[in-house]
**Student:** 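Let me give you the structure first, and then I'll get to my questions.
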Amino acid sequence: MDPELASELFDSLGLEALLPATLAAWRPLLVEGMAFFLDRLPEARLGAIVAEQFALAATAPAAERITALLAHCPTLHKLGQVVARQPGLDPELRRHLQALESLPASTDIARLLAHVRSQLGHDSGLHLADRALAEGSVAVVLPFSWRQDGRSHEGVFKALKPGVAKRLGEELAILPALGDFLERRGAVLGLPKIDYRSHLATAGRLLMQEIRLEHEQANMRAASIVLADDADVFVPALLPWCTPALTAMERIDGTKLSDAALPANESRRLGRALVGGLLARPFWSRSETAPFHGDLHGGNLLLAADGRIAVIDWSLTARLTKTEREALVEVALAALALDARRIAAGLAGLGLQGTGDAAIAATVERALDALVRSNRPLGFDWLVSLLDALALQGASGFGEQLAVFRKSWLSLAGVLADLGSVGDADRPLIGLGLQRFAAEWPARLLAPAESRAFSTHVSTADLMRAAADIWPAGLRYWARLLGQSRGARKTQCPS
C-alpha cells in the first residue's frame, strides 16, 4: 500500500479506539498489526477496501469507517463481533460494531439460490424465499417453507457465503508472518512477551470451524440435550435437509435479545437465565466434554415469540474436559482461601507453564487483592479476569478450548451489561452449583474421599480442606485488607 495513502486511511479510522484505556499501551501494536495484515491481502481485495473508505462521506465518523473495514474480512469481522459489547469502548463505536452481529444481506441472491438448490436436488418440495434475511461473518440466512399435513411450515437455511472459504484461507495464510511481526514489534515497544504466533494459529483453527457446518450441526444436537429441560433457553430444532454445506433449522420469529423492549426486571431475569443455561449447566455437568457456546455475541441470542431465548450459530464451541473444570474449581477454592500457592497449583492443572515465575506470582497477588476489595462473591468474572491478566503477562500453556471459554464469557458479559444483569451474573452459577452439591450427598457417603466423580468437581477431601481453611483465610483476608488500607493512607500523605 502506498505510504501516504496508508497514513491517510489509518488516520481516518481511529483504530486505537478498538482497545479500552486500560490497554492503551497496546494500541500502537494494534495499528501496526492491522496495517501489516491489510497490506498482505490480495491486491483486488485491498483495493475494494480502500475504494469503499474513500466513497464514504468526508464527515463519516471513525466508528463507521472501522465497521466498514472489518466487514470486508471474515477474521476482522469476527474481531468486531467479539469486542462489540465490551463496556470499556466508546459508546458510538460499540453501537456501530454491534451492526456486525447481523448485517442486511448483500450476497448475490441468484448465486445463493443456485448453491442451495444444488445441495437439495430438484425434488425437495421446498419453496425458497427470493430474499435472504441477514448475513454474518461467514454465512447467509435464507428462509424456506414447505407443506405437511395440510399446513405450511417455515424454516431457514444457514449457507456459507459464496467464496468465503477462499477469503478466509487468504487471511489465515497471513497469520504466521503477522505473529512474527507482532512479537518483534512488541519487544521494541516494551510490551510483555507473548507467543502471538501460537495464539494466532489457535485463532485460525477456530475460525476454520466457522465454515464446517456439519460440525455445527453436531454441536447443536449436543447442546439440545444439555438444554432439554431449560424453561428459558433453547436451541432451534434441526430439520431433515441438513448437508455438510447447509444447516436447516426451524425459523425463529424474534428480535435480538439486546434490542427487545423489555421491562428492567425481565431483562435481568433473562440475563440470569442465559448464565444458568449456557454456562452453569454445562459447567456443573459430569459430562467429559460438555459444550459451551463459543460465540455469544448479541446477534446469536434471539427473543422468541413465547418469551424464551433461542441461541443460534453453534459453529464454535468450547469443550472443557471434566479435568479442566476440576482445575477451575480448585483455583476458586484456593481463591476463597486467599492461598496464592494453591492457585498456582490449580493453574498448572489448566496447563499454565512457569507458575513459579515472579511476574505470574505478582499477577495472582493483584487478583487476590482485587477480590478482597470487590467484596463480591467469587465467580466466572474473577476467574476469567485472572486468566486474561496472565495472558497479558505472556503466560502460556492454556489450551484453545479454555481460550474459547474465556471469549464466550467475555462476550456474554457484554450482553449482560446491556441487559442490566452485571451485578448478579454469577448468581445462577453459584445457585445451580449449590443445588448439585445438595443432591450429591447420598453418593458421597459411598464414594472414596478423594473421588471427584461429581458434577460439582470437588471431592469430600477437598471440602474438608476448604473447611479447615476458614480460619486461616479469615486471617489472610484481614491482613490483606489492613495492608490495602495502609497503602491507601501512604498515597494520601504528602512526601
Side-chain angles (χ1 to χ4, degrees), residues 226 276 279-290 292 318-356 360-361 363-365 367-368 371-372 376-387 390 395 397-399 401-402 405-406 409 426-480:
V226 174
L279 290 175
R281 276 176 175 264
F283 191 88
W284 302 122
S285 165
R286 294 179 65 180
S287 167
E288 281 300 318
T289 54
F292 295 83
R319 301 274 182 151
L320 289 186
T321 65
K322 191 172 187 307
T323 299
E324 288 172 318
R325 282 172 279 151
E326 288 171 1
L328 284 170
V329 172
E330 172 60 23
V331 170
L333 289 175
L336 287 173
L338 300 178
D339 189 331
R341 182 187 57 79
R342 279 179 51 204
I343 289 177
L347 292 170
L350 289 169
L352 179 66
Q353 299 171 5
T355 50
I360 292 176
T363 301
V364 171
E365 291 292 342
L368 287 176
L371 181 62
V372 170
R376 286 178 52 191
L378 182 69
F380 277 147
D381 205 30
W382 183 86
L383 282 169
V384 172
S385 295
L386 172 61
L387 296 176
L390 290 167
F398 293 136
Q401 297 302 310
L402 188 60
F405 174 78
R406 288 161 52 206
W409 171 250
D426 282 316
R427 192 179 302 170
L429 170 69
I430 297 170
L432 184 59
L434 291 174
Q435 289 178 29
R436 298 284 167 85
F437 177 69
E440 288 171 354
W441 273 108
R444 283 187 183 277
L445 297 176
L446 302 175
E450 297 290 342
S451 173
R452 290 177 171 171
F454 303 101
S455 61
T456 51
H457 315 306
V458 292
S459 68
T460 302
D462 293 328
L463 296 173
M464 293 173 67
R465 282 191 288 269
D469 277 334
I470 292 176
W471 281 108
L475 294 175
R476 294 186 193 110
Y477 174 84
W478 288 110
R480 282 183 180 272

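Heavy atoms only: backbone and side chains are in, while hydrogens, waters and symmetry mates are out. Residues take their numbers from the sequence shown, with the count starting at 1.
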**Student:** Between V226 and F292, is any pair of side-chain heavy atoms under 4.5 Å apart?
**Tutor:**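 Counting from C-beta outward, V226 and F292 never come under 4.5 Å.
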**Student:** Taking all atoms of both residues into account, what is the closest heavy-atom pair of T456 and R444, and its distance?
**Tutor:**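 Reported closest heavy-atom pair: OG1-NH2, 3.2 Å.
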**Student:** Do S455 and R325 have side-chain atoms, one donor and one acceptor, less than 3.5 Å apart?
**Tutor:**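 No, no side-chain donor-acceptor contact under 3.5 Å.
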**Student:** Which heavy atom of S459 sits nearest to which heavy atom of A449, and what is that distance?
**Tutor:**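 Scanning both residues, the minimum pair turns out to be CB-O, 3.2 Å.
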**Student:** Tell me, do L371 and L336 make a side-chain contact under 4.5 Å, heavy atoms counted?
**Tutor:**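 Side chain of L371 against side chain of L336, heavy atoms only: no contact under 4.5 Å found.
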**Student:** Once you round to the nearest 0.5 Å, how far does CG of L320 lie from OG of S285?
**Tutor:**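 Result: 11.0 Å between the selected atoms.
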**Student:** Nearest heavy-atom pair of R406 and V384: which atoms, and what distance?
**Tutor:** O-CG1, 4.2 Å
**Student:** Find the distance between CH2 (W441) and OG1 (T460) and round it off to the nearest 0.5 Å.
**Tutor:**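 It is 6.0 Å, given to the nearest 0.5 Å.
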**Student:** Identify the heavy atoms of R286 and K322 that sit nearest to each other, and give their distance.
**Tutor:**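 Residues R286 and K322, closest heavy atoms: O-CD, 3.9 Å.
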**Student:** Does one side chain, of E288 or T321, offer a donor that lies under 3.5 Å from an acceptor on the other?
**Tutor:** no
**Student:** Kindly compute the distance separating CZ (F405) from CZ (R319), expressed to the nearest 0.5 Å.
**Tutor:** 14.5 Å
**Student:** Indicate the atoms forming the closest heavy-atom contact of A461 with E450, along with that distance.
**Tutor:**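 Heavy atoms of A461 and E450 come nearest at CB-OE2, 3.4 Å.
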**Student:** So L432 and R281, side chain to side chain contact (heavy atoms under 4.5 Å, CB included) or not? Walk me through it.
**Tutor:** CA-CA 8 Å; L432 184 59; R281 276 176 175 264; 4.0 Å; yes
**Student:** Donor-acceptor pairs are to be reported for all side-chain atoms of residues 328-335 against protein atoms at under 3.5 Å, with residues two or more places apart or in another chain.
**Tutor:**
unit_1 : atom_1 : unit_2 : atom_2 : d
E330   : OE2    : R342   : NE     : 3.4

**Student:** Look up atom CG in L383 and atom CH2 in W409, then write down how far apart they are to the nearest 0.5 Å.
**Tutor:** 10.0 Å
**Student:** Please name the pair of heavy atoms, one in G349 and one in A327, separated by the smallest distance, quoted to 0.1 Å.
**Tutor:** C-CB, 4.0 Å
**Student:** Between E324 (side chain only) and L350 (backbone N and O only), is there a donor and an acceptor less than 3.5 Å apart?
**Tutor:**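 Not confirmed, E324 side chain does not pair with L350 backbone.
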**Student:** Counting N and O atoms only, with roles assigned by atom type, does the side chain of H457 sit under 3.5 Å from a partner on the main chain of T323, one being a donor and the other an acceptor?
**Tutor:** no
**Student:** Nearest 0.5 angstrom please: E365 CD to L338 CG, how far?
**Tutor:** 9.5 Å
**Student:** Just do the side chain to side chain contact (heavy atoms under 4.5 Å, CB included) check on I343 and L368 with the steps written out, would you?
**Tutor:** CA-CA 10 Å; I343 289 177; L368 287 176; 3.6 Å; yes
**Student:** Find the distance between CD1 (I360) and CG (L386) and round it off to the nearest 0.5 Å.
**Tutor:** 10.0 Å
**Student:** Ignoring hydrogens and angles, tell me if any N or O in the side chain of R436 forms a donor-acceptor pair with the backbone of W284 under 3.5 Å.
**Tutor:** yes
